[in-house]
A.B. asks: 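So that we are looking at the same thing, I have put the structure below in structure tokens.
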2 protein chains.
Amino acid sequence: MIENVTGRRLKTTQASLEILSLILEHDGLTLAELDSMVDSSKSSICSHLNTLLESRYLVKHDGVYHVSFRVALLGERARHRYPNDEVVERVVDELARATDQEANFTIFEHGRLLMCYGSSTEEGRDANGTRYRSEYHLHNTAAGKAILAELDRDEVESIIDYWGLPRESEGTITNPDQLFDALDEIATKKYAVVDEEFAPNLIAIGAPVHDGDGRIVGGLSVGGPKYQVDMTRLEREFADELLNAVESLESALT
Amino acid sequence: MIENVTGRRLKTTQASLEILSLILEHDGLTLAELDSMVDSSKSSICSHLNTLLESRYLVKHDGVYHVSFRVALLGERARHRYPNDEVVERVVDELARATDQEANFTIFEHGRLLMCYGSSTEEGRDANGTRYRSEYHLHNTAAGKAILAELDRDEVESIIDYWGLPRESEGTITNPDQLFDALDEIATKKYAVVDEEFAPNLIAIGAPVHDGDGRIVGGLSVGGPKYQVDMTRLEREFADELLNAVESLESALT
DNA sequence: TCAGGTGATTTACATTATGGCAACAGTTAT
DNA sequence: ATAACTGTTGCCATAATGTAAATCACCTGA
């Protein structure tokens with residue numbers, strides 16, 4: 001769910017992290033570039049850069065600041081806490097094979113889904129070389145809707161408050177009441193479907209994945225272009241495969 | 001080399017990052033645990049935690065703070081800047097195969113070597129399940145010494161000042177003068193060897209890897225236990241394999 | 001069910017640290 | 001030499017930290 005932070009927040013840390021993010025997103029920035037992107041003084045930016053350099057989160061080459069390789073290692077380490085192993089890959093790949101469509105497993109965090117492993121994900125780029133999205137909304141993805149249907153209404157509301165219901169495709173549900181109606185219907189099943197709500201021509205079916213304590217860890221989903229698989233087949237044939245895969249995954253998560 | 005930061009450093013950011021690191025290293029911490037590890041007030045720690053939560057660097061479950069999966073994704077993204085791809089794996093695996101020993105490629109950063117890819121690295125653990133080290137000193141590793149030999153003397157000195165010359169095995173060079181003598185010898189060759197300087201019974205040969213601009217990116221090394229490969233064979237047979245591998249890698253780094 | 005812990009956050013306010021601004025020192029390209 | 005850009009320094013207004021004490025959220029035994 002959304003972490004409902006009520007206490008004090010530290011602007012210094014926020015500013016440092018924003019600078020770090022900008023450098024990461026732009027694959028390296030100079031002081032001048034940062035100065036034009038960040039609303040704070042040059043000297044202040046320098047202080048942040050000095051701090052991040054000294055902490056080895058950044059590296060500087062020829063006046064350009066880059067995120068360090070050490071950050072990559074820290075991230076790798078952070079990943080150890082999450083289901084990753086061969087299990088996830090095996091289950092997702094098997095689901096993709098069984099349905100002959102793309103499958104993926106996402107982690108549920110802060111009211112969004114973060115891509116953990118996709119059957120065709122290779123170096124985060126698809127066949128066209130465009131970068132895969134790594135963050136998804138819940139309201140317009142199959143696994144996301146299935147997760148929302150399991151949450152308490154106030155939790156859903158806080159997620160809507162935080163992330164909104166942005167339209168990303170023709171069929172995206174952008175109205176809270178409509179969403180709650182949809183969730184009520186889903187609640188009786190163990191899965192949810194999307195019909196061109198995420199991207200045009202794309203349909204998918206998804207379900208939540210729980211850990212040993214029953215907490216929602218993430219979501220598993222599978223789907224493809226409408227000319228390859230229609231809605232009937234999606235629910236008739238894919239639902240079982242999906243739920244089997246969920247079970248395999250959950251039993252592996254102790 | 002070491003980033004020689006002279007300007008102002010921000011304690012707020014440093015404190016936030018220290019808390020983040022502690023949580024990462026301990027795989028989750030409570031406020032009480034952090035309070036006992038960090039020299040700052042509980043209320044202040046809360047402010048840091050609030051900030052890191054809101055920035056989605058942390059996640060909280062049942063009073064325990066964990067590093068978020070999003071951090072893992074950020075790290076993955078940071079890694080894209082570095083040679084990773086199949087090229088590194090191919091070259092390292094080929095070097096390991098040709099010598100029948102363990103090979104690895106490390107990134108040179110902030111005066112240390114960070115593990116990028118090792119031929120037998122699997123999930124960061126070795127056969128015994130113990131976690132692999134991901135950071136290495138330069139003075140007691142083969143690739144590290146080869147890199148030091150290419151640097152200017154003042155750069156080497158600043159690295160020694162920063163990291164020292166900690167003894168990690170019987171043969172570790174812990175005296176600066178001895179190290180400089182060793183580096184002078186290495187300078188005439190394109191590689192360096194370690195003889196039980198890193199770990200008992202372990203010998204290895206390593207060399208620097210440069211990018212298209214001639215900057216040192218990291219190091220490639222290969223070696224194994226002394227009962228499998230002696231020093232003579234290391235320099236006679238492995239040196240060529242190593243230098244070939246370095247060349248392959250460098251030509252792939254444009 | 002209720003009083004009494006226990007630990008997690010938040011508050012209030014004095015003490016320090018940081019942010020913005022502007023001047024200046026160093027480097028590099030023109 | 002000039003211009004352009006990077007990074008540092010000094011000075012106040014603003015923000016963060018330390019301390020102690022007040023809330024809050026749970027849990028537990030009577």
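Because only heavy atoms are used, hydrogens play no part in the values below, and waters and symmetry mates are left out as well, while side chains stay in. Reminder, nothing fancy here: chain letters follow the sequence lines and each chain counts from 1.
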A.B. asks: Without swapping roles, check the side chain of D211(B) against the backbone of D213(B) for a donor-acceptor pair under 3.5 Å.
C.D. replies: yes

A.B. asks: List the atom pairs, donor and acceptor, that lie under 3.5 Å between side-chain atoms in residues 153-164 of chain B and the rest of the protein, sequence neighbours left out.
C.D. replies:
unit_1: R153(B); atom_1: NE; unit_2: E157(B); atom_2: OE2; d: 3.2
unit_1: E155(B); atom_1: OE1; unit_2: D152(B); atom_2: N; d: 3.0
unit_1: S158(B); atom_1: OG; unit_2: E155(B); atom_2: O; d: 3.1
unit_1: W163(B); atom_1: NE1; unit_2: H110(B); atom_2: O; d: 2.9

A.B. asks: What residues from residues 12-24 of chain B pass a heavy-atom cutoff of under 4.0 Å to DNA chain C?
C.D. replies: T12(B)

A.B. asks: Please, which pairs that meet ring-ring contact (aromatic ring centres under 6.0 Å, His included) have at least one residue in residues 3-58 of chain A, sequence neighbours excluded?
C.D. replies: none

A.B. asks: How many Å lie between CG on L34(A) and C1' on dG7(D), as a whole number?
C.D. replies: 13 Å

A.B. asks: How sharply is the helix from dT1(C)-dA30(D) to dT30(C)-dA1(D) bent, taking the axes over five pairs at either end and rounding to 10 degrees?
C.D. replies: 40°

A.B. asks: May I have all residue pairs that pass ring-ring contact (aromatic ring centres under 6.0 Å, His included) and include part of residues 138-159 of chain B, sequence neighbours excluded?
C.D. replies: H137(B)-H139(B)

A.B. asks: Please report, rounded to the nearest Å, how far the P atom of dT9(D) is from the CD1 atom of I45(A).
C.D. replies: 18 Å

A.B. asks: If I take atom CG in residue L29(A) and atom P in nucleotide dT6(D), what distance separates them, rounded to the nearest angstrom?
C.D. replies: 11 Å

A.B. asks: Sorted by first residue and then second, give each salt bridge (Lys or Arg N to Asp or Glu O under 4.0 Å) pair with at least one member in residues 10-25 of chain B; sequence neighbours left out.
C.D. replies: none

A.B. asks: So, using side-chain hydrogen bond (donor to acceptor under 3.5 Å, both in side chains) as the criterion, who are the partners of S41(B) when residues are at least two apart?
C.D. replies: S43(B)

A.B. asks: Taking only Lys NZ, Arg NE, NH1 and NH2, and the carboxylate oxygens of Asp or Glu, determine whether K190(A) and E150(A) approach each other closer than 4.0 Å.
C.D. replies: no

A.B. asks: For residues 173-186 of chain B, run the donor-acceptor check on the side chains, cut-off 3.5 Å, and write out each pair with its distance to 0.1 Å, sequence neighbours left out.
C.D. replies:
unit_1: N175(B); atom_1: OD1; unit_2: D177(B); atom_2: N; d: 2.8
unit_1: N175(B); atom_1: OD1; unit_2: Q178(B); atom_2: N; d: 3.0

A.B. asks: With sugar-phosphate meaning primed atoms plus P, OP1 and OP2, does S40(A) contact a base, only sugar-phosphate, or nothing at under 4.0 Å between heavy atoms?
C.D. replies: sugar-phosphate

A.B. asks: Give every pair of a protein N or O atom and an N or O atom of nucleotides 8-11 of chain C that lie under 3.5 Å apart, one pair per line with the distance.
C.D. replies:
unit_1: dT9(C); atom_1: OP1; unit_2: K60(B); atom_2: NZ; d: 2.8
unit_1: dT9(C); atom_1: OP2; unit_2: Y65(B); atom_2: OH; d: 2.9
unit_1: dT10(C); atom_1: OP1; unit_2: T6(A); atom_2: OG1; d: 2.5
unit_1: dT10(C); atom_1: OP1; unit_2: G7(A); atom_2: N; d: 2.9
unit_1: dT10(C); atom_1: OP2; unit_2: N50(B); atom_2: ND2; d: 3.0

A.B. asks: Taking only residues two or more places apart in sequence or in another chain, which ones pass side-chain hydrogen bond (donor to acceptor under 3.5 Å, both in side chains) with R81(B)?
C.D. replies: H66(A)

A.B. asks: Only counting residues at least two apart or in another chain, list the ones meeting ring pair (Phe, Tyr, Trp, His ring centres under 6.0 Å) with F69(B).
C.D. replies: Y82(A)

A.B. asks: Under the side-chain hydrogen bond (donor to acceptor under 3.5 Å, both in side chains) rule, collect the residues that match up with Q14(A), sequence neighbours excluded.
C.D. replies: E54(B)

A.B. asks: In this structure, how many angstroms lie between the C1' atom of dT15(C) and the NZ atom of K11(B), rounded?
C.D. replies: 13 Å

A.B. asks: Using a cut-off of strictly less than 4.0 Å, decide whether H48(A) has a side-chain nitrogen or oxygen near OP1 or OP2 of dG19(C).
C.D. replies: yes

